[in-house]
Novice: 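This is the structure, below, for whatever I ask next.
The residues of the chain are indexed from 1 along the displayed sequence.
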Amino acid sequence: MGREDSHYRPDGGSAHGTGRSGSGSAKGRVPVPEAHLPRAPEAPTPAPETVPERPPPLPWRPPVGPASPAPNAGHFPVAGGEQPVSGPPRGSATVPVSPAPVSPSFGPGPTAPTPGGVPPVGPPISALPAPADAAPAPAAPRRRRRLPVVLAAVLLLVLAGVGVVITRPGPVAGWLGDDAGSGPNAVGVTPEPAPSDVLGGPDSNAPLPTPDGVRAVLDPLVGVAALGDRVNVSVADVITGQTLFAKGADDGTVPASVTKLATAVTVLAARGPGYRIPTRAVAGAKAGEVVIVGGGDPTLAINKKGYYPGAARLDDLAAQVRTALGGTAPTSVTVDGSVYSGPVYGPGWDDDIPTGGSGGAVTALMTDGARTDPGVEHGSAPRFAEPDLAAGKAFARLLGVPTDSVKRGAAPPQAAAGASPVPGTELGVVQSPPMIRLVDVMISESDNLVAEALARQVALARGQPASFDGGAAAMDAEVAELGLPADEISVSDGSGLSRLNRISPSLLTDLIRLAASPDHPELAGVFGGLPVGGWSGTLNERYRTAAGTAAGAGSVRAKTGTLTGVHSVAGLVTTADGRLLTFAVLTDKVPGDRDTAQPALDRIAAALAGCGCG
C-alpha cells in the first residue's frame with residue numbers, strides 16, 4: 001500500500017461506485033465578496049479550451065496594526081519522533097535550529113531563540129499585491145472575528161517550503177498550545193545566525209503564465225493512456241484567480257484522499273484552529289461507577305508512549321479521577337460514545353477496509369487512532385474492531401478495575417443531590433491537541449480515522465448528527481457558507497475512502513485559494529501539513545527518479561489520493577519564474593496500477609513547475 005493511507009488494492013477493483021451521497025443539502029453557487037471567483041462555463045468538448053480570466057482578482061490590503069514579530073526558528077512537531085509532520089528536505093540542506101529545540105509534541109515545549117534575522121523566502125499570499133487596476137473591495141460581513149494578520153507569516157513559511165520553521169506571534173501561540181507567558185528570547189541566550197533558504201518562495205513580480213502556454217505544456221500529458229479516459233484538471237493563478245487550464249474542471253470526480261482538503265478547510269472554518277476535543281470522566285449512577293465520555297478525539301493515548309506526540313492521555317485522566325474520588329475506590333467503568341451515531345464503517349468503502357489497516361471502526365472513544373500497537377510506523381496498521389471498548393478497558397486497568405466490568409452505557413445527568421460524588425459530576429477531563437495540529441496530522445500522514453473524526457466535528461459545530469451522513473451534510477453546508485459552489489461537492493465520508501464521493505477539480509483549487517485569502521487566516525492551517533515533492537509525507541518518494549518529474553521536487557506541495565483505479569493530487573506549485581499556482585488533477589478510470597499512473601500524474605505538476613508558460 002505504500003505511504004498513502006487511502007485504500008489501494010493492487011489486485012484490482014472497481015474504478016468507482018455508483019450513485020451519489022445524500023449528504024448535499026446546500027446546493028448552488030453562493031456568492032461571497034472576495035471569496036469565490038466565478039468560472040467561465042466549459043464548452044462541451046473533450047479537449048481543453050482557452051478559459052477567460054475570473055474577474056475580479058482578490059485585492060491586497062496592507063496589514064493593520066503593529067508589525068509582526070520576527071519568526072522563531074524551531075522544530076515543527078514530528079509524528080513518530082523521526083519524520084517531520086511538515087517535511088523538510090532530506091538532503092544536505094538543513095535549517096539551523098536551537099541547541100534546545102521544541103519537543104516533538106503538540107503541546108507546550110521549549111522554543112528556539114529568535115534568530116537575528118530571517119532572510120526573505122517570498123511574501124505570504126496575503127501580502128501579494130493585486131494588479132494596479134484592481135478596485136478596492138467593499139468590506140464583507142464576517143461570521144467570526146477576523147484574526148490578526150500575523151498568521152500571514154505562518155503561511156509565508158509554509159508556502160516557502162520551510163516546514164520545520166514556524167512563527168508563533170499573537171493568537172497563533174494559543175492555537176499551537178504555547179504558554180503565552182514564556183518567550184523565546186531568554187536573557188543570556190545568543191541568537192542563532194539567520195537560517196539559509198531551503199526552498200524559494202513565490203515571487204509577486206513573477207510573470208503570469210498564459211492559458212495558451214499552459215495548454216501547450218499540459219495537453220500532451222493529460223491525454224496519456226496511463227491515466228485513463230477520464231482526467232479532470234483545474235489550474236489557476238493564486239494571486240489573480242485566473243483560470244489557466246480547465247479540462248472537466250467542474251465535473252464531480254472520485255477524489256480519494258484529496259477529500260481531506262475539504263475536510264481540513266471545513267473543520268477549521270467550523271471549529272477554529274484553537275479548538276480542542278475533550279475526553280471526560282464523570283461519576284456514574286451506581287456507587288464506584290466511572291463513566292468515560294468520548295468526545296471524538298482519535299489521538300487520545302493511554303500513556304506517554306502513544307502514537308501521536310503530545311496527545312491527551314488516559315493515565316492523566318485516571319489520576320484526576322483518583323484525586324476527585326478521594327478515598328473511594330472505583331468499581332466499574334462504563335464507556336459513553338453516544339456523541340457519535342450511525343454506522344461505524346462508511347458508505348462506499350471497499351469490503352476489506354475495516355480489516356485492511358488503512359481504516360477502521362469510527363467511534364467517539366478510541367486510543368492511538370484505534371491502533372493495537374501505538375509503536376508502529378506510519379501507514380497501515382492493525383486496528384481494534386471495537387476501539388471504544390478497548391479504550392475503556394485500558395482506562396479500567398489504569399484505575400485498577402477489572403476489565404470484564406467494562407460496558408457501553410450513557411453518562412447520567414448531573415443530579416441535584418445524592419451520595420458523594422453526585423452522579424454526573426465531572427471527575428476529570430483531558431483535551432486533544434488544538435485543531436490546527438489535528439489538521440496537520442490528517443493531511444501530512446493522510447490519516448483516515450483522524451479525518452473521519454474531524455468531519456464529525458464539523459457536524460457537531462453545525463448542530464448535525466455526528467455520523468457519516470451528518471458530517472457529509474455539514475461539510476457541504478460549510479462549503480456553501482464559505483461562498484463556494486456546494487453543487488460541486490457531494491461526499492459520504494471525510495477521509496476519501498468512499499467511492500461515492502464526488503468533488504470537482506475547480507472546487508479544490510477554489511478551496512486552496514480561499515485558504516490563502518487574507519480574509520480567512522483561520523484556514524491557513526491547511527498548508528502546514530501539505531507534503532513536499534521529493535521530501536516529505538506521501539510525496540516523499542515521488543518526484544525523484546521517474547522521468548519528467550524532477551522539476552516538481554521542492555516545488556510541488558500537494559495532497560495525494562489513491563484508491564484502486566483512482567489517482568488524484570491537488571495543491572500548490574511554484575513555476576520556474578516563481579509564480580504560485582494552484583492545481584488539481586483527478587482521475588477515476590485508471591486502467592493500470594500506481595506504478596504507471598502516479599508518474600504520469602506527477603509529470604503534470606512537474607511540467608507546471610518547470611515552465612514559465614508565457
Novice: As an exercise, state the distance from CG of L438 to CD of Q457, rounded to the nearest 0.5 Å.
Specialist: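 Going from the CG atom of L438 to the CD atom of Q457 covers 8.5 Å.
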Novice: Enter the distance from I503:CD1 to E488:CD here, rounded to the nearest 0.5 Å.
Specialist: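 Reported to 0.5 Å precision, the distance equals 10.5 Å.
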Novice: Just do the side chain to side chain contact (heavy atoms under 4.5 Å, CB included) check on D219 and F245 with the steps written out, would you?
Specialist: CA-CA 10 Å; D219 268 349; F245 188 89; 3.8 Å; yes
Novice: Under 3.5 Å, is there a donor on one side chain and an acceptor on the other for T538 and K559?
Specialist: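 Side-chain D/A pair, T538 to K559: absent.
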Novice: Is the shortest side-chain heavy-atom distance between M366 and F384 below 4.5 Å?
Specialist: no
Novice: Answer whether the closest heavy-atom distance between the side chains of V254 and L586 falls below 4.5 Å.
Specialist: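 The answer is no, as the side chains (C-beta and beyond) never meet within the 4.5 Å cut-off.
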Novice: Is there a donor-acceptor contact under 3.5 Å from the side chain of T587 to the main chain of V231?
Specialist: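 Checking the backbone N and O of V231 against the side chain of T587, no donor-acceptor pair under 3.5 Å is found.
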Novice: Check each of V222, I604, L221, T596 against L227 using the side-chain contact (heavy atoms from CB on, under 4.5 Å) test, and report the only one that passes.
Specialist: I604
Novice: Could you tell me whether a side-chain N or O of S568 sits under 3.5 Å from a main-chain N or O of P255, the two making a donor and an acceptor?
Specialist: yes
Novice: Could you check whether any side-chain N or O of S504 sits under 3.5 Å from a backbone N or O of D251, counting only pairs where one atom can act as donor and the other as acceptor?
Specialist: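 Pair absent, no side-chain N/O of S504 close to backbone of D251.
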Novice: Looking only at non-hydrogen atoms, find the nearest pair between A597 and H567 and report the distance.
Specialist: CB-CD2, 3.5 Å
Novice: Go through the structure and list residues passing side chain to side chain contact (heavy atoms under 4.5 Å, CB included) with A451, not counting sequence neighbours.
Specialist: K260, M442, S495
Novice: Where is the tightest heavy-atom contact between A472 and S492, given as atom of each residue plus distance?
Specialist: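 What the structure gives for the nearest pair is CB-CA, 4.2 Å.
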Novice: Less than 4.5 Å apart, side chain to side chain, heavy atoms only: is that true for V590 and V566?
Specialist: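 The answer is no; the side chains never approach within 4.5 Å.
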Novice: Dump the intermediate steps for salt bridge (charged side-chain N to carboxylate O under 4.0 Å, His left out) on R502 and D250, then the final yes or no.
Specialist: CA-CA 11 Å; R502 298 291 185 273; D250 294 338; over 6 Å; no
Novice: Check whether any side-chain N or O of R544 sits under 3.5 Å from a backbone N or O of G533 as a donor-acceptor pair, and report yes or no.
Specialist: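 Not at all, since once roles are kept as given, no pair shorter than 3.5 Å links the two residues.
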Novice: Is the number of heavy atoms from other residues, nucleotides or ligands within 6.0 Å of CG (D373) greater than 12?
Specialist: yes
Novice: Using modelled atom types only, decide if a donor and an acceptor are shared between the side chain of D593 and the backbone of D595 within a distance under 3.5 Å.
Specialist: yes
Novice: Please report the shortest heavy-atom distance between P209 and L244, naming the atom on each side.
Specialist: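 Reported closest heavy-atom pair: O-CD2, 3.3 Å.
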Novice: Taking only residues two or more places apart in sequence, or in another chain, which ones meet T299 in a side-chain hydrogen bond (donor to acceptor under 3.5 Å, both in side chains)?
Specialist: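 Counting only residues at least two positions away or on another chain, T299 forms a side-chain hydrogen bond (donor to acceptor under 3.5 Å, both in side chains) with D297.
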Novice: Say whether T574 and R557, considering side chains only, have a donor N or O and an acceptor N or O under 3.5 Å apart.
Specialist: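 The answer is yes; a qualifying pair exists.
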Novice: Side chain to side chain contact (heavy atoms under 4.5 Å, CB included) for Y340 and F468? Distances and angles first, verdict last.
Specialist: CA-CA 9 Å; Y340 283 8; F468 282 102; over 6 Å; no
Novice: Under 3.5 Å, side chain of D368 to main-chain N/O of P374, donor-acceptor pair present?
Specialist: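 Side chain of D368 to backbone of P374, a donor-acceptor pair under 3.5 Å: no, none is there.
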Novice: Rounded to the nearest 0.5 Å, what separates atom CG in L454 from atom CD1 in I443?
Specialist: 9.5 Å
Novice: Looking only at heavy atoms, what is the nearest atom pair of G496 and L563, with distance?
Specialist: O-CD1, 3.8 Å
Novice: Find the distance between CG (L484) and CG (D476) and round it off to the nearest 0.5 Å.
Specialist: 12.0 Å
Novice: In the structure I gave you, are the side-chain heavy atoms of L580 and I239 within less than 4.5 Å of one another anywhere?
Specialist: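 L580 does not reach I239 side chain to side chain.
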Novice: About how many Å separate OG1 of T549 and CZ of R542, when rounded to the nearest 0.5 Å?
Specialist: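 Taking CZ in R542 and OG1 in T549, the distance rounds to 9.5 Å.
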Novice: How about S257 and S446: does a side-chain donor come under 3.5 Å of a side-chain acceptor?
Specialist: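 Checked: S257/S446 side chains pair up, N/O donor to acceptor below 3.5 Å.
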Novice: Report yes if the side chains of T560 and Q598 come closer than 4.5 Å at any heavy-atom pair, otherwise no.
Specialist: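 They are not in side-chain contact.
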Novice: List the atom of L539, the atom of A558, and the distance in Å for their closest heavy-atom pair.
Specialist: CD1-O, 3.8 Å
Novice: Is there a side-chain contact between L530 and L261 in this structure, where contact means two heavy atoms from C-beta onward sitting under 4.5 Å apart?
Specialist: yes
Novice: Considering only heavy atoms from C-beta outward, does the side chain of V569 approach that of V258 to under 4.5 Å?
Specialist: no
Novice: Apply side chain to side chain contact (heavy atoms under 4.5 Å, CB included) to residues L508 and F583 and explain how you reach the verdict.
Specialist: CA-CA 8 Å; L508 291 167; F583 72 98; over 6 Å; no
Novice: With sequence neighbours left out, what residues match A459 under side chain to side chain contact (heavy atoms under 4.5 Å, CB included)?
Specialist: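 Expected list: Q464, A474.
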Novice: Distance from L514 atom CG to T582 atom OG1, nearest 0.5 Å?
Specialist: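 The OG1 atom of T582 is 11.5 Å from CG of L514, to the nearest 0.5 Å.
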Novice: Strictly by modelled atom types, are R371 and Y308 linked by a side-chain donor-acceptor pair under 3.5 Å?
Specialist: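 Yes - a donor-acceptor pair under 3.5 Å links their side chains.
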Novice: Quick one: closest heavy-atom pair of T367 and A391, and the distance?
Specialist: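 It is CG2-CB, 3.8 Å.
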